[in-house]
A.B. asks: 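I'd like to ask some things about the structure below.
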4 protein chains.
Amino acid sequence: MCSSPTAKRTGRPRSADADRAILAATRAALAEQGWGRLTLGDVAARAGVAKTTLYRRWAGKNELVVDAVAALFEEQLELPDLGSLQADIQGVVLRFAELLNRPETRTALMAVIAEAAHDDALRLRIREAIVDRQKHLVVLGRKRAQQRGEIPPEDGAADSAAGPARDNLIFDVVAGAVVHRVMVSSEPVDEEWAGRLAVLLVVGLAGLHTAQDL
Amino acid sequence: MCSSPTAKRTGRPRSADADRAILAATRAALAEQGWGRLTLGDVAARAGVAKTTLYRRWAGKNELVVDAVAALFEEQLELPDLGSLQADIQGVVLRFAELLNRPETRTALMAVIAEAAHDDALRLRIREAIVDRQKHLVVLGRKRAQQRGEIPPEDGAADSAAGPARDNLIFDVVAGAVVHRVMVSSEPVDEEWAGRLAVLLVVGLAGLHTAQDL
Amino acid sequence: MCSSPTAKRTGRPRSADADRAILAATRAALAEQGWGRLTLGDVAARAGVAKTTLYRRWAGKNELVVDAVAALFEEQLELPDLGSLQADIQGVVLRFAELLNRPETRTALMAVIAEAAHDDALRLRIREAIVDRQKHLVVLGRKRAQQRGEIPPEDGAADSAAGPARDNLIFDVVAGAVVHRVMVSSEPVDEEWAGRLAVLLVVGLAGLHTAQDL
Amino acid sequence: MCSSPTAKRTGRPRSADADRAILAATRAALAEQGWGRLTLGDVAARAGVAKTTLYRRWAGKNELVVDAVAALFEEQLELPDLGSLQADIQGVVLRFAELLNRPETRTALMAVIAEAAHDDALRLRIREAIVDRQKHLVVLGRKRAQQRGEIPPEDGAADSAAGPARDNLIFDVVAGAVVHRVMVSSEPVDEEWAGRLAVLLVVGLAGLHTAQDL
DNA sequence: ATTTAAGCGAGACGGTACGTCACGTCTTGTC
DNA sequence: GACAAGACGTGACGTACCGTCTCGCTTAAAT
């Protein structure tokens, strides 16, 4: 950000351990106290680090927490290959729900989203660091389904916008439905519910392909 | 809540104006500053009321904001009758998105949901005050569609749980998808997107009915 | 103040019990909590009276407490006739010290004096209500001593100011020394100490009469 | 008090300027507003210091004001050598009265004494910080008078308690009389009054020496 | 081996908001 | 109209974190 990777820096280098300890402490504190009661003093104390060290690296709560949360989503999700689109969807839904049920993730994610509701820069950071990184799952799932012949291949130039639009819709529906079920309805995402959602999506998606121009 | 309706109350009664002014000021302040920067002192000042009056009636930020937000959802949503299930869904999605795009609603709703991520009592209050109140829209929509013959009537005792489960799934999908589109993806909920979602749901729902035991 | 004693007052007359209860409650509360922690709400509660009633009769803390304290000094002190000026002084000193050692008196008196340090009107009220009322003790003691022949009678016109000046000095010395001993030095006013003070005064007073023009 | 002088202290050291500024501001505010209207927020503002800094160093009003007042008495009083015991007493009385007439001293001293009326720990602090420090004036005055032959030297073991007892009596009488004259009687301590008091004391003191066992 | 520039812990600092408390005033309904 | 009850506006309280700022010490690269 402020220096090219090859820029030789003089003086004592920053401790990499500190970074890890701080991010871990942030996640732990966030899970326990929630965004509102999260204090940077507490994070510093948990990490065994001075507050100064913390402010030397992040500009404030937002930046720190987004980084801490992003790490959670870094490599957590992958698309299982279960033989059919419906099974794949059911599988990824269950994994996502499991992630959302861990207290650290649940608190952290909602906290940053809420904070982003009135902070455009933060919303952008979330999209880049967390959301966009997961969209490839949809793309991957569609390609597998097309290879299996479950859904038709892309037509090409004619309605070029429809494909990505469908991908985005699927993403919003899957992510939104799971989050809503877990966070708002407070009901479990079990195999049954995930199965129903998968059926809805597979059948509905076929309908979308049938309907022209959608 | 704290007194039977016939309980003779002595002393000066609480001002009803104050309640209204405080809730309105809370919504305004929340829209402008967001949850994190919302100060009860500011709310009091906007409402032309003393801080103590505010604390006399609500125990803290959470309680106040939930009450303020609940009022927003009180009578805002209704299901338009546009002639077909698909059109009805598209219509309600657009209305819901419009509501979510008003800054006060957007900030307020996400704030309380986030705070609820680690506060069971708050989550319960949200469900009672906001969520459950909207579920009737799904029930109403289903009944209309059944009357129109778009989807089959309930079978009765055999799979009695499938109907409500489908209703809940639909609710999570619609609400979740719209919220995710607006809050996370930061993309507009226009007629096109709403139409796609409606198609997905109508077709998918038919598939759910076809699939036995779902 | 606002009505002649014979003026027919309309409406419900003020309760005389309330007055007594309030003053007694004030003294009790003052003894327990001190001036700083004395709350009028507490006084009202102890007196079994509404705050309104209290404010209807006194303008504020100062007025109430001074009235409450004044009653303590109303008829508490008298000059014993023990046969000699020295014995009389010793006796009144012991009685005054006893009064000052009662917690209510001790707290109350110092509180109003301290408050008076920067409040001229209050200082005047104290002088009228408390101090001036006790000065007659000095005059009475002097007259007795003159009758006994222990000190010479007043000369008359020549040095007419010297007599009252001496009375005032004696008053300041006796009252001041006792208060200082009790409140500041925190040491007991016993017969020995009172005796020493009496000797000092009797002998010193004789010296004052001897010294011309004093 | 709380740390040995060689204790290595870590972290940023407390500002000595702040201490001085706070104590000075306290005295100024106290003189202007009196104890009752003295607000620590105002003190902090006058001192150009944050309220927290103030609370970091003193536990409350009492502690702060006693420290502030103690400094006033630190080196204010000394015994003039005017050639005779009577003149020395007259001199120190006038100086003490002058000190007491300064609004800051008058308010501050009475305030802490009043507060001490129901606070044993505070009374102890006052004695240590203010009163005991002035007693040496009495001892010094007595020694000078003994050197001049105005009063007889101490006898030694026989009545060893009488000497200190007389010193304490003199202290209570001088301090008490001046305070009472200024604070309660609200009359001036001029040369005439101080002279009378000095005569009373010198003559009375001789009487005390004459009376055996006193 | 020194130097040197930054990192680091500790904790004081100026702020802002908190939630509480008592003040003295006001509005009720009852006596 | 006095009274009990209690809500109200006001303003200080003492606390908790914020993000910044000294301190003196440590650490590793550059000399």
Side-chain angles (χ1 to χ4, degrees), chain A residues 8-15 17-18 36-45 47-61, chain B residues 8-18 36-45 47-61, chain C residues 9-15 18 36-45 47-61, chain D residues 8-18 36-45 47-61:
Chain A
K8 281 283 184 88
R9 308 270 278 104
T10 172
R12 174 177 174 177
R14 290 184 177 167
S15 155
D17 287 353
R37 299 190 203 286
L38 175 69
T39 74
L40 296 203
D42 182 36
V43 169
V49 139
K51 254 196 315 171
T52 331
T53 300
L54 203 149
Y55 279 105
R56 215 172 272 123
R57 299 164 192 223
W58 288 276
K61 248 190 195 183
Chain B
K8 277 277 187 87
R9 304 274 282 106
T10 172
R12 177 176 175 177
R14 290 186 176 170
S15 157
D17 287 351
R37 297 187 207 286
L38 175 69
T39 74
L40 297 202
D42 182 38
V43 169
V49 137
K51 236 188 343 164
T52 37
T53 297
L54 205 149
Y55 281 107
R56 225 172 261 127
R57 297 165 191 222
W58 288 276
K61 254 189 192 185
Chain C
R9 309 272 272 102
T10 172
R12 174 174 172 181
R14 289 184 178 171
S15 156
R37 300 189 202 287
L38 175 69
T39 74
L40 296 202
D42 183 37
V43 169
V49 139
K51 261 198 307 173
T52 330
T53 301
L54 202 151
Y55 280 106
R56 214 172 275 124
R57 299 165 192 222
W58 288 276
K61 245 190 196 185
Chain D
K8 276 278 186 90
R9 306 271 283 103
T10 172
R12 177 177 175 175
R14 290 189 174 167
S15 157
D17 287 352
R37 297 186 205 287
L38 175 69
T39 74
L40 296 202
D42 181 38
V43 169
V49 136
K51 231 182 355 155
T52 38
T53 298
L54 206 149
Y55 281 106
R56 224 172 263 127
R57 298 165 192 224
W58 286 277
K61 253 189 192 184

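None of the values given here were measured: they were computed from a predicted structure. Lettering of chains follows the sequences in order, A, B, ..., and the numbering in each one begins at 1.
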A.B. asks: Given E:dC8, is OP1 or OP2 found less than 4.0 Å from the side-chain N or O atoms of A:Arg56?
C.D. replies: yes
A.B. asks: Could you tell me the separation between the CG atom of B:Leu54 and the P atom of E:dG19, rounded to a whole number of Å?
C.D. replies: 10 Å
A.B. asks: For B:Val43 and B:Leu54, which heavy atoms make the closest approach, and how far apart are they?
C.D. replies: CG1-CD1, 3.8 Å
A.B. asks: Mark yes or no for a side-chain to base donor-acceptor pair under 3.5 Å between D:Arg12 and E:dC13, with no hydrogen or angle criteria applied.
C.D. replies: no
A.B. asks: Over all strands shown, is A:Gly60 touching base, sugar-phosphate only, or nothing at heavy-atom distances under 4.0 angstrom?
C.D. replies: nothing
A.B. asks: Using a cut-off of less than 4.0 Å, is there contact between a side-chain N or O of A:Arg57 and OP1 or OP2 of E:dC8?
C.D. replies: yes
A.B. asks: Listing time: all N or O pairs from protein to nucleotides 16-18 of chain E that are below 3.5 Å?
C.D. replies:
from   : atom 1 : to      : atom 2 : distance (Å)
E:dC18 : OP1    : B:Leu40 : N      : 2.7
E:dC18 : OP2    : B:Leu40 : N      : 3.2
E:dC18 : OP2    : B:Gly41 : N      : 3.1

A.B. asks: B:Asp17 CG to E:dT27 C1': how many Å, rounded?
C.D. replies: 14 Å
A.B. asks: Ignoring hydrogens, what is the shortest heavy-atom contact between C:Ala50 and C:Ala44? Give both atom names and the distance.
C.D. replies: C-CB, 4.2 Å
A.B. asks: Rounded to the nearest 0.5 Å, how far apart are OG1 of A:Thr39 and NZ of A:Lys61?
C.D. replies: 7.5 Å
A.B. asks: Search all heavy atoms of A:Arg57 against all heavy atoms of A:Ala18 and return the closest pair with its distance.
C.D. replies: NH1-CB, 3.7 Å
A.B. asks: Is there a donor-acceptor contact under 3.5 Å from the side chain of A:Arg14 to the main chain of A:Arg56?
C.D. replies: yes
A.B. asks: Let me know, please, whether C:Ala18 or B:Pro13 comes out on the 5' side of the other along DNA chain F by nearest nucleotide.
C.D. replies: C:Ala18
A.B. asks: Would you mind telling me which residue lines up with the more 5' stretch of DNA chain F, B:Gly11 or B:Val49, judged by nearest nucleotide?
C.D. replies: B:Gly11
A.B. asks: Which part of the nucleic acid, if any, lies within reach of A:Gly48 when heavy atoms closer than 4.0 Å are counted: base, sugar-phosphate only, or nothing?
C.D. replies: sugar-phosphate
